[in-house]
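Side chains are part of it too, since the values below use all heavy atoms of this structure and drop only hydrogens, waters and symmetry mates. In listed order, ligands and their atoms are each counted from 1.
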Amino acid sequence: MRIVSGMRPTGRLHLGHYLGVLKNWIALQNDHDCHFFVADWHALSTSYEEKLNLKILGRELVKDWIAAGIDPEKATLFVQSAVKEHAELYVLLNMITPLGWLERNPTYKDQLEQMRHKEIHTAGFLTYPVLQTADIVLYGAEAVPIGEDQKPHLEIAREIVRRFHHLFGCEVFTEPKEMLTETARLPGLDGRKMSKSYNNAIFLTDTPEEVWAKLKVAKTDTQRVRRNDPGNPDVCLVFDYHKALSEDTVVERVNAECRAGTIGCFECKKLCAQSIDRLLEPMRERRERLDDATIDAIVEAGNERAKKEAAATMEKVNAAVFEISCDV
Ligand code: TRP
Ligand code: SF4
């Protein structure tokens, strides 16, 4: 199955990104034809005021992917802005997308609310799902792995595809299906959503010392005062980390011993740090061996492959739009 998914290059990846998205990508690359790309134009839709160095951020993002286990031999990795067909198709799709679809988009409304401190009442932000549609249909994606918040975007993509087919009378695109990634959301170390901007994240690039320094000060069951007090792991975020990352035996042990008051939070956190490091250590090692030139060469090869496919799609699209013809 052809799968397409993208990530915006806005900074280092953390455990939340890994469990929410990357882990799934890594599993998918083995039995599907995956295209993963750096959505750098999309990053500008919310961050155009921030003078981000998207070239460096894009390279670092791909480095994080590969360090985490994405294999460029299995998946095609590329950069959105290197394939100009995304912009070309975006222009055409904008012509046929009713504003109402975009204005009613619940994710759009949520984000406007959440990012009130930013000026994102822009054409680019409103039409974000149109660009996303172009990303997906350029490569004939049958499925798109996404989180819950992206569901409305995929629905819009499907509607745009149907409208295009109806208006131009050619079935040039594949209607993409959503592939929902169900993951236990890993909270940040302060209990809020894990995010770089809240300063509560464990990054995939953190050293063991950094992991421990963050975990050491994390809040636990606040009712538990003395080491021998029985605790309640269900209200403790360290236990969320155990459930997401530790082996079953460790999770069971922590669950039982916390309730019995026979394990201290310090020791429990040490076990948690071990589980995190077990995941991160192979990533650190792979990252050591990745230099910028290697990443750039991988992306360059991916861009070339993506350009060929995108150009073939645009030939059909342009024939449909400019010649009202379906045979290419
Ligand atoms: N909107 C996606 C997100 O924020 C990123 C993205 C851009 C994407 N284009 C895409 C995801 C195409 C899947 C397919 O997570
Ligand atoms: Fe949380 Fe572990 Fe302490 Fe229980 S023992 S309160 S799970 S840190």
*asked:* According to ring-ring contact (aromatic ring centres under 6.0 Å, His included), who are the partners of Phe203, at least two apart in sequence or on a separate chain?
replied: none
*Nearest 0.5 Å, what's the NE2-OG1 distance between His42 and Thr10?*
13.0 Å
*Relative to each other, are the rings of Trp65 and Trp25 parallel, tilted or perpendicular (30° and 60° limits)?*
perpendicular
*Working for side chain to side chain donor-acceptor pair (under 3.5 Å), residues Asp291 and Thr294*: CA-CA 5 Å; Asp291 56 30; Thr294 309; 2.4 Å; yes
*Aromatic rings His86 and Phe37: how do their planes relate, parallel, tilted or perpendicular, breaks at 30° and 60°?*
tilted
*Taking atom types as modelled, find out whether His35 and Glu309 have a side-chain donor-acceptor pair closer than 3.5 angstrom.*
yes
_Donor-acceptor pair, distance only, cut-off 3.5 Å: does the side chain of Thr107 make one with the backbone of Pro152?_
no
What does the N/O contact table under 3.5 Å look like for ligand 1?
{"residue": "ligand 1", "atom": "1 (N)", "partner": "Tyr128", "partner atom": "OH", "Å": "2.7"}
{"residue": "ligand 1", "atom": "1 (N)", "partner": "Gln132", "partner atom": "OE1", "Å": "3.1"}
{"residue": "ligand 1", "atom": "1 (N)", "partner": "Gln150", "partner atom": "OE1", "Å": "2.9"}
{"residue": "ligand 1", "atom": "4 (O)", "partner": "Arg8", "partner atom": "NE", "Å": "3.3"}
{"residue": "ligand 1", "atom": "4 (O)", "partner": "Arg8", "partner atom": "NH2", "Å": "3.2"}
{"residue": "ligand 1", "atom": "4 (O)", "partner": "Tyr128", "partner atom": "OH", "Å": "3.1"}
{"residue": "ligand 1", "atom": "9 (N)", "partner": "Asp135", "partner atom": "OD2", "Å": "2.7"}

*Examine distances only and state if a side-chain atom of Asn303 and a backbone atom of Val79 form a donor-acceptor pair shorter than 3.5 Å.*
yes
*asked:* Closer than 2.8 Å to atom 4 (Fe) of ligand 2, what protein N/O/S atoms do you find?
replied: Cys258 SG
*Applying disulfide bond (SG atoms under 2.5 Å apart), name anything that partners Cys265, two or more places apart in sequence or on another chain.*
none
